[in-house]
Amino acid sequence: MVGDGLSDIVVDGQDELMIFNTTSTSPISSFAHSGEWFWKYNHTVALADFAEEADFETRDEIVLIRGRELHVFDVINDDLVAIRTVQLPGIPAEAYGISSWPLLEDLNSDGSPEIIVRINWNELMQPNQMCIVYDYDAGTFIPERIWSGASWRTIPAVGALPQGQLISLPTNQATSAQNPALLLDPGDLTTSAECQRNIGLDSYYVPYCIMADWEAPLGQADRIIANTENQCFAWDENGDHRNGYPIEYEEYAGLTRPPFPALGELDDHDGFDYADVITATREGTVFAISSSGSELVNLGFPYTLPASVQGGFVIADIDNDGRVEVVFGTMDNYIHIWELGRCSAGYTPWPQCQHDAARTGVLEED
């Protein structure tokens, strides 16, 4: 990951947080940490500027969560400097199999983002799910919310929707027994709404939510998007289906956890005014869908590849030729770079799997 004001690259390994510069092949600084780590289920680092730097510079801090501990680091002269460590409340001493995912967003409009954590653990063979919010400036947690018996190793998003700030928490299933996502009030973590499922099609892998700006006014999230192994959802702030979604993958449906989705204007001459969503199945079919729910067949989608897609997508005009490139890898050791439609001068790219520390994906600009 690369943060604002940071010239270094941040990498979180299984037992070490590492800092690389643009020329190094070995870490220039690191922090060894304990705590359990689950491949594909954890992403324990987030970046944002929410602390006053000791040297009066402006740059992102690094939030690291391992096990029961939340760490905040500054990077000074290419060295990791710990500025805060706190214990996460609500996790019993007998807990094991702990996994987590942090988000950063200014929830109380004080100019500094809060740290939102989705965390899971097992206790006596019983899974538990918790959401918790830490106010860095105040140094306090709001009361956590625990779902006993739930094991949603999922990736939430947070953003300011028309009715206010909401956390969208995927529940990993869209069935008659479980709606695919919960919309939580970040003030007290109560459920504001449950997102609708598709009555005609169940999904058993709903691992991610992102937020998009698909309506006026520009610059504000108004849709929650979730991709699954066999369909893509889009909901409004009330959890209702919108824009012709869900889109079913039909004969291209996958059978397991899909890769990360991404948002970007794949072709600004296609008649659709807002960012498109690109998704894939783990088995190797890539979809591109407009904000109105139309598949971008004019660009040749869907594409079926001979190898598995397990990571995420980067969408940007990487060679400055006025056309959009989509970059991703497949499990046969290839990196794919697709050049698609033309992009406008104000186009904002999707530079990494989660776009930003809140996973908002709000890309439109005035």
Side-chain angles (χ1 to χ4, degrees), residues 152 154-157 168-183 193-212 214-215 222-264 266-267 270-272 274-313 315 326 328 330 338 340 350 359 361:
W152 308 329
T154 59
I155 299 171
S168 56
L169 176 64
T171 64
N172 206 39
Q173 289 194 2
T175 67
S176 59
Q178 180 65 64
N179 284 331
L182 305 178
L183 301 182
E194 296 193 14
C195 295
Q196 291 179 330
R197 66 184 183 93
N198 181 355
I199 295 176
L201 181 65
D202 288 345
S203 296
Y204 296 93
Y205 297 93
V206 190
Y208 324 112
C209 280
I210 57 177
M211 293 189 182
W214 279 356
E215 284 187 353
D222 46 52
R223 293 290 179 271
I224 301 104
I225 300 170
N227 64 312
T228 79
E229 79 278 17
N230 56 9
Q231 58 188 319
C232 183
F233 292 99
W235 304 287
D236 63 16
E237 71 271 20
N238 298 311
D240 296 329
H241 297 306
R242 295 302 297 269
N243 298 68
Y245 286 77
I247 303 298
E248 299 180 6
Y249 299 161
E250 298 178 343
E251 70 266 28
Y252 301 106
L255 298 173
T256 188
R257 188 182 180 100
F260 294 100
L263 286 166
L266 302 180
D267 182 1
D270 60 4
F272 303 111
Y274 298 97
D276 309 302
V277 58
I278 188 165
T279 68
T281 62
R282 171 83 49 101
E283 289 78 2
T285 299
V286 182
F287 306 88
I289 310 166
S290 76
S291 58
S292 65
S294 298
E295 297 186 57
L296 300 187
V297 295
N298 62 306
L299 296 178
F301 289 95
Y303 290 99
T304 299
L305 306 175
S308 174
V309 181
Q310 296 199 19
F313 298 91
I315 303 175
V326 175
F328 64 100
T330 49
W338 295 353
L340 299 176
W350 186 280
R359 288 186 59 77

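One is the number of the first residue; the rest follow in order along the sequence.
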Student check: side-chain heavy atoms of [X] and [Y] closer than 4.5 Å:
X: Thr304; Y: Tyr252; value: yes
X: Arg223; Y: Glu215; value: yes
X: Gln231; Y: Ile247; value: no
X: Val286; Y: Ile278; value: yes
X: Thr154; Y: Val206; value: no
X: Gln178; Y: Trp152; value: yes
X: Leu201; Y: Tyr249; value: no
X: Pro170; Y: Pro207; value: no

Hey, does the side chain of [X] reach the backbone of [Y] with a donor-acceptor pair shorter than 3.5 angstrom?
X: Thr171; Y: Asn179; answer: yes
X: His241; Y: Arg197; answer: yes
X: Ser168; Y: Cys209; answer: no
X: Tyr208; Y: Pro258; answer: yes
X: Arg282; Y: Arg257; answer: yes
X: Asn227; Y: Thr279; answer: no
X: Asn238; Y: Asp240; answer: no

Practice task
Kindly say whether the aromatic ring centers of Phe328 and Trp338 come within a distance under 6.0 Å.
Solution key: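 Ring centroids of Phe328 and Trp338 are less than 6.0 Å from each other.
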
Closest contact, heavy atoms only, [X] versus [Y]:
X: Tyr204; Y: Thr175; answer: CE2-CG2, 3.7 Å
X: Tyr274; Y: Ser291; answer: CB-OG, 3.7 Å
X: Trp214; Y: Leu263; answer: CZ2-CD2, 4.2 Å
X: Phe287; Y: Glu295; answer: CD2-OE1, 4.4 Å
X: Pro180; Y: Trp235; answer: CG-CZ2, 3.4 Å
X: Ile210; Y: Pro261; answer: CD1-CG, 4.0 Å

Please round to the nearest 0.5 Å and tell me the distance separating atom [atom1] of [X] and atom [atom2] of [Y].
X: Leu296; Y: Leu266; atom1: CG; atom2: CG; result: 6.0 Å
X: Leu255; Y: Glu229; atom1: CG; atom2: CD; result: 8.0 Å
X: Arg242; Y: Gln196; atom1: CZ; atom2: CD; result: 10.5 Å
X: Asn298; Y: Leu340; atom1: CG; atom2: CG; result: 9.5 Å
X: Cys232; Y: Ile225; atom1: SG; atom2: CD1; result: 6.0 Å

Exercise for the section: Ignoring hydrogens and angles, state whether a donor on the side chain of Asn230 or Ser203 is under 3.5 Å from an acceptor on the partner side chain. Expected result: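 The answer is yes; a qualifying pair exists.
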
Exercise for the section: Run the numbers on Asn198 and Phe233 for side-chain contact (heavy atoms from CB on, under 4.5 Å), then give the verdict. Expected result: CA-CA 9 Å; Asn198 181 355; Phe233 292 99; 4.1 Å; yes

Exercise for the section: Could you tell me how the ring of Tyr303 sits relative to the ring of Phe301: parallel (under 30°), tilted (30 to 60°) or perpendicular (over 60°)? Expected result: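 Rings of Tyr303 and Phe301: perpendicular, as their planes differ by over 60°.
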
Handout entry: Check against side-chain contact (heavy atoms from CB on, under 4.5 Å), Asp202 and Gln173
Key = CA-CA 8 Å; Asp202 288 345; Gln173 289 194 2; over 6 Å; no

